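Working notes, beginning with the structure itself.
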Amino acid sequence: MSISVDIPKPCKSCQDNTPLCFDFSMAFQPIVDTRDNSIFAYEALIRGLAGEGAMQMLSKVNEDNRYIFDQSCRVKAVELASRLQIPCFVSINFLPNAVYQAATCIRATLEAARRYNFPTSRLIFEITENEELVDKAHLKSIITEYKRQGFKTAIDDFGAGYSGLNLLAEFQPDIIKLDMALVRDIDTNPVRQAIVQGIMGVCKALNIEVIAEGIESLAELRLLQKLGVHLFQGYLFAKPAFEQLPEVSWPDA
């Protein structure tokens with residue numbers, strides 16, 4: 001069954017067919033729900049064709065190729081998600097400063113969803129912290145448009161850099177991902193526990209889901225579960241797998 005989506009007219013940047021000067025692919029890491037040991041989503045993580053890490057690939061991004069890189073990442077993630085027959089959400093990082101007009105710059109994503117027959121309702125767009133936020137009003141307009149299109153939105157690395165409570169005061173995404181620095185050794189750090197407990201209270205009031213990323217130990221997991229977190233991502237469950245879906249290791253009760 002083909003998927004019908006409303007494709008907007010291209011903007012000037014969308015019509016620029018300048019190719020990206022380097023190749024890349026994606027690895028996938030699961031985001032799990034420990035309430036029923038299910039997979040909530042897979043995050044698409046950029047990798048070089050020889051397995052180079054994300055930072056090495058992102059170092060190739062500049063002002064001239066930021067737009068086409070961002071668009072290419074979305075298309076590649078949707079293509080692979082369809083090929084791997086991912087049955088749940090797929091989370092894609094995006095560069096907010098690469099989006100000029102949200103309603104038109106989403107064109108490539110919608111076309112990819114139609115071409116590869118992947119439901120747009122299963123796409124999550126994460127605001128990545130790899131670049132400094134330039135304009136909060138612009139970001140708010142992106143989030144509003146993406147929600148209108150039926151996508152879920154997430155703030156990555158919440159609690160680090162610009163990704164804090166001030167951002168939530170401007171707009172509310174569907175999901176926040178707790179920064180690794182807040183999660184690391186939280187089981188032995190009362191200050192981090194208090195901060196995360198406060199964030200959980202705010203998110204509950206605003207109906208925002210919380211994902212704890214970077215989980216590496218059973219002690220971190222158990223403490224966060226006590227604080228009300230049930231969505232997790234990290235090496236405790238699975239490492240990213242290049243162009244495939246890794247097997248999940250479920251911790252013993």
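Just so it is clear, the values below take in all heavy atoms, side chains as well, and ignore hydrogens, waters and symmetry mates. The structure displayed is predicted, hence computed values, not measured ones. Numbers here are sequence positions counted from 1.
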For the residue pair T120 and Q149, confirm or rule out a side-chain donor-acceptor distance under 3.5 Å. no
Between P173 and L168, which heavy-atom pair has the shortest distance, and what is it? CD-CD2, 3.6 Å
K152 bridged to E209 by N-O distance under 4.0 Å: no
F28 and L45: side-chain contact (heavy atoms from CB on, under 4.5 Å), yes or no, with the steps? CA-CA 6 Å; F28 290 87; L45 301 161; over 6 Å; no
Can you tell me how the ring of F94 sits relative to the ring of F125, calling it parallel under 30°, perpendicular over 60° and tilted otherwise? perpendicular
Give a yes or no on whether a salt bridge exists between E220 and R184, defined as a side-chain N under 4.0 angstrom from a carboxylate O. yes
So which heavy atom on A41 is nearest to which on C88, and how close? CA-SG, 3.8 Å
Parallel, tilted or perpendicular: rings of F89 and F40 (30°, 60°): tilted
Say whether, by atom type as modelled, one donor and one acceptor occur between the side chain of T188 and the main chain of D185 under 3.5 angstrom. yes
Check ion pair R148-E145 (N to O, under 4.0 angstrom): yes
Provide the closest heavy-atom pair for N93 versus A44 in the form atom of the first, atom of the second, distance. ND2-O, 3.8 Å
Main-chain N/O of A81 paired with Q85 side-chain donor or acceptor, under 3.5 Å: no
Ion pair K177/E43, N-O distance below 4.0 Å: yes
Between atom CG of L223 and atom CZ of R192, what is the distance when rounded to the nearest 0.5 Å? 11.5 Å
At their closest point, which heavy atom of E126 faces which heavy atom of S91, and how far apart are they? OE2-OG, 2.5 Å
For the atom pair CG (D33) and CD1 (I39), what is the distance rounded to the nearest 0.5 Å? 11.0 Å
Would you call the rings of F22 and F69 parallel, tilted or perpendicular if under 30° counts as parallel and over 60° as perpendicular? tilted
With R122 as the cation and F118 as the aromatic partner, state whether NZ or CZ is under 6.0 Å from the six-membered ring centre and within 45° of the axis. yes
Check D70 with R66, please: is the shortest side-chain N to carboxylate O separation under 4.0 Å? no
If you take all heavy atoms of I186 and Q193, which pair is closest and at what distance? O-NE2, 2.8 Å
Donor-acceptor check, side chain of N189 to backbone of V183, threshold 3.5 angstrom: yes or no? no
